[in-house]
Structure formats: C-alpha cells, structure tokens
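Here is the structure we will look at, set down as structure tokens.
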Amino acid sequence: MTTTLPNFVYSVEVEQALHSSKPLVALESTVITHGLPYPKNLELALGMEATIHAEGACPATIAILDGSIHVGLTKNQMEKLVQEKNVRKISHRDFATAIVKKEFGGTTVAGTLFVANKAGIKVFATGGIGGVHPHSNFDISADLSALSQTPMIVVCAGAKAILDLPATLEVLETKGVPVIGYQTNEFPAFYSSGSGLPVSARLDSPEEIVEFALSHWLLGFQSAVLVTLPPPAASAISAQKINSAIEQAQQEAEEKNIHGQALTPYLLSRLTKLTNGATLKTNIDLLLNNAHLAAHIACTLSRTESTFN
Ligand code: PSU
Ligand code: MN
C-alpha cells in the first residue's frame, strides 16, 4: 500500500510502523516552517517526535522536500527543511505547485490531513487549527473543510486566538465536525484555557475518545473528530492579558495590507514580539502537550483495533 501513491516518500520507520500496525501520530510542518522562529522550530519538531516515541508510538512529520511528499522525516531532512529559504505553505491547492516546481513546503492542518489520510494514519497532533479570521468576509481556513472531509482524530488547543472563535465553531458545526473538550466543557482559546464557548461533547480519557471516534466513523461519517485540550496550566495566558496584543497585531496587519496565507504567520510572530516571547513559550508547551495526548490516543486506538482483527 505504501508504494502505490505517486510523489509519496515514506521514512523507514514510518513504513515499518504502517506494516506492523504500530501506533502512529502525524505531525504538520507549517508550524515548523512558518509558525515558529529558528532554532525553536527545530527544537520543537524534534521535541514532539521524542514525546511521541517516549509513549511507544511512531511520529510521522509530513512535509514536501524537493517536490516529494514525505511521510516521516529523518533528522537531516528536518534540518534541511528549517534551513531552506523558500518554503511554500501547503494547503490542498498547493500540492501540485510544489510537485511540478520541485519546491519545499510546510503542510498546514489541511495539507497534513490529506497526506496522513492517504498514508492510513488515524491520529494527528497540531497546535491550533485555522478558522474564520475576524473582520474579513472570505478568509476562512481550508483547515475547516479538510476537517469535514477527513476521518482522523485531530488533537489541538482549539483554534488560534487570533481568529473569530464563535464563527469558527459555527462553521465546524455546519460542516458536521464534532468538537470534543478533553477534560473540559469549554473550547480552549489556544493561549488561554477557556473561551467561554461550549464544545459539542466532553470526554475524559483516551479510551473514551477512541470509542467516540470509532462510533462516529462506524455510522459512516467521514469527518475528523477534533479533540481540544487547554494549554498546560503553568503556561496558559489569561484572555484579558493577551487580547490587547491580538488587537494591536490585527490592526497592524490591516495597515500593512497583509492578507491570505501570510496573515496567520504575521500575527503569530507579531504576538511573540508584543508579549516578549510569552506567546511563543505557550505555543511550544501546548504543542508538546498535544503530541503527548495524541500518542496516548494512538496507542489506545491500536490496542482497540488489534482486539477486532
Ligand atoms: N498551529 C500553530 N502554529 C501554526 C499553525 C498551527 O501552533 O503556525 C498553522 C497550521 O498549519 C494551520 C495554519 O493549518 O497555521 C493555518 O493557516 P491559515 O489560517 O492560513 O489556514
Ligand atoms: Mn487563512
């Protein structure tokens, strides 16, 4: 199965894990190429992989190198990716561009969902999904449609706080994506633990999440199950503290006419400056936290599936 897709390259470790039904966790790479500054991005990428290994699962970081879609990167490939100057942000529409132009690319949540699903991976950890940008008629992340089309357990800290969270939840509801609060009734706000907005269901353990996802898919639904967990308490920032920085960054983006794919990376890096690095620390801590839960879920899923087979 792993050799039939054109332009797909599997790492030795991922290929072996797929063949032996070992638990796998997909990881995105836009967070590495566009979301975090060097060398924190490399440290984080390797840190998420180590966290997943420590739980007995196999990490599969997904990215485009020289026009090939890689599922699982070696340390050398990871280093090459973070040093590359021209890296495209890869959502669904961008794969063919990167392939024909032999480019490097960091896959977004949408892009990673597509590749991970083709590879047969069922669990994916990210920081925060994209969503509906405020004050903008049409900037709605492709992450939301991809989530509605891809049967995957996606672990995140909600949607990034730079977004219109009520509108993002409305779109997820319209598209039939269950939004699970992990040990919480509230949708987390990425940097902050709560948004005041309700999730569609609360679940408290990896076992409950696996049972939920299998029931959802057994009914024939094809959407992702979005598992949201708040950032670790020690690194969460209160909404009150962060909101004025978010407003300032948004206003600056408007003045500089920054839109489309460039907007999210611009806002994230401005926030890091405006908060003296506090948002960067929270972002990294929550990514590691999400990788940890995703690895637990992947191990639970693989145990559950092996009792059926
Ligand atoms: N989570 C992070 N940092 C990021 C992202 C997520 O902690 O940089 C990326 C994801 O790859 C997500 C993308 O898919 O931001 C959303 O971009 P856009 O709003 O342009 O769809
Ligand atoms: Mn966008």
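Keep in mind that this is a model prediction, so the values were computed, not measured. We're numbering straight along the sequence, starting at 1. Order of appearance sets the numbers: ligands from 1, and atoms from 1 within every ligand.
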Proximal candidate to atom 15 (O) of ligand 1 [heavy atom criterion; set H259, K160, Q261] = K160
Give yes if a backbone or side-chain nitrogen or oxygen of G130 is under 3.5 Å from a nitrogen or oxygen of ligand 1, and no if not.
-> no
For T108, the ligand 1 atoms with a heavy-atom partner under 4.0 Å come out as 11 (O), 14 (O)
Going by the atom numbers of ligand 1, which of them fall below 4.0 Å from some non-hydrogen atom of D143?
-> 12 (C), 14 (O), 16 (C)
Please say whether N283 places an N or O atom under 3.5 Å from an N or O atom belonging to ligand 1.
-> yes
Counting each atom of ligand 1 from 1 as listed, which ones have a heavy atom of G35 under 4.0 Å away?
-> 8 (O)
Enumerated ligand 1 atoms positioned under 4.0 Å from heavy atoms of L268 = 3 (N), 4 (C), 8 (O)
Start with the C-alpha gap between H34 and T108, add the side-chain angles, then the distance that decides, and say whether side-chain hydrogen bond (donor to acceptor under 3.5 Å, both in side chains) holds.
-> CA-CA 10 Å; H34 294 75; T108 63; over 6 Å; no
Look only at the side chain of Q261 and the backbone of K89, and say whether a donor-acceptor pair between them is shorter than 3.5 Å.
-> yes
How about K80: does its NZ atom have over 12 heavy atoms from other parts shown lying under 6.0 Å from it?
-> no
Of Q250, Q248, K256, which is the lone residue that meets side-chain hydrogen bond (donor to acceptor under 3.5 Å, both in side chains) with E252?
-> Q248
Between S200 and E173, does a side-chain hydrogen bond (donor to acceptor under 3.5 Å, both in side chains) hold up when you go through it step by step?
-> CA-CA 9 Å; S200 66; E173 182 188 343; over 6 Å; no
Count the heavy atoms of every other residue, nucleotide or ligand shown that sit under 6.0 Å from CZ of F221, and state whether that count exceeds 12.
-> no
Go through ligand 1 atom by atom and flag the ones less than 4.0 Å from a non-hydrogen atom of S141.
-> 18 (P), 21 (O)
Does the pair E207 and H296 meet the rule for a side-chain hydrogen bond (donor to acceptor under 3.5 Å, both in side chains), with working shown?
-> CA-CA 9 Å; E207 287 74 18; H296 273 264; over 6 Å; no
Counting heavy atoms not belonging to E254, are there more than 12 under 6.0 Å from its CD?
-> no
L42, L27: one ILVMFWY side-chain cluster at the under-4.5 Å cut-off?
-> yes
For E28, the ligand 1 atoms whose distance to one of its heavy atoms is below 4.0 Å = 1 (N), 5 (C), 6 (C), 10 (C), 11 (O)
Are any of the N or O atoms of F190 closer than 3.5 Å to those of ligand 1?
-> no
Using non-hydrogen atoms of the residue, decide whether H34 is closer than 4.0 angstrom to ligand 1.
-> no
Can you list the ligand 1 atoms lying under 4.0 Å from a non-hydrogen atom of H133?
-> 19 (O)
Atoms in ligand 1 with a heavy atom of K89 nearer than 4.0 Å | 17 (O), 18 (P), 20 (O)
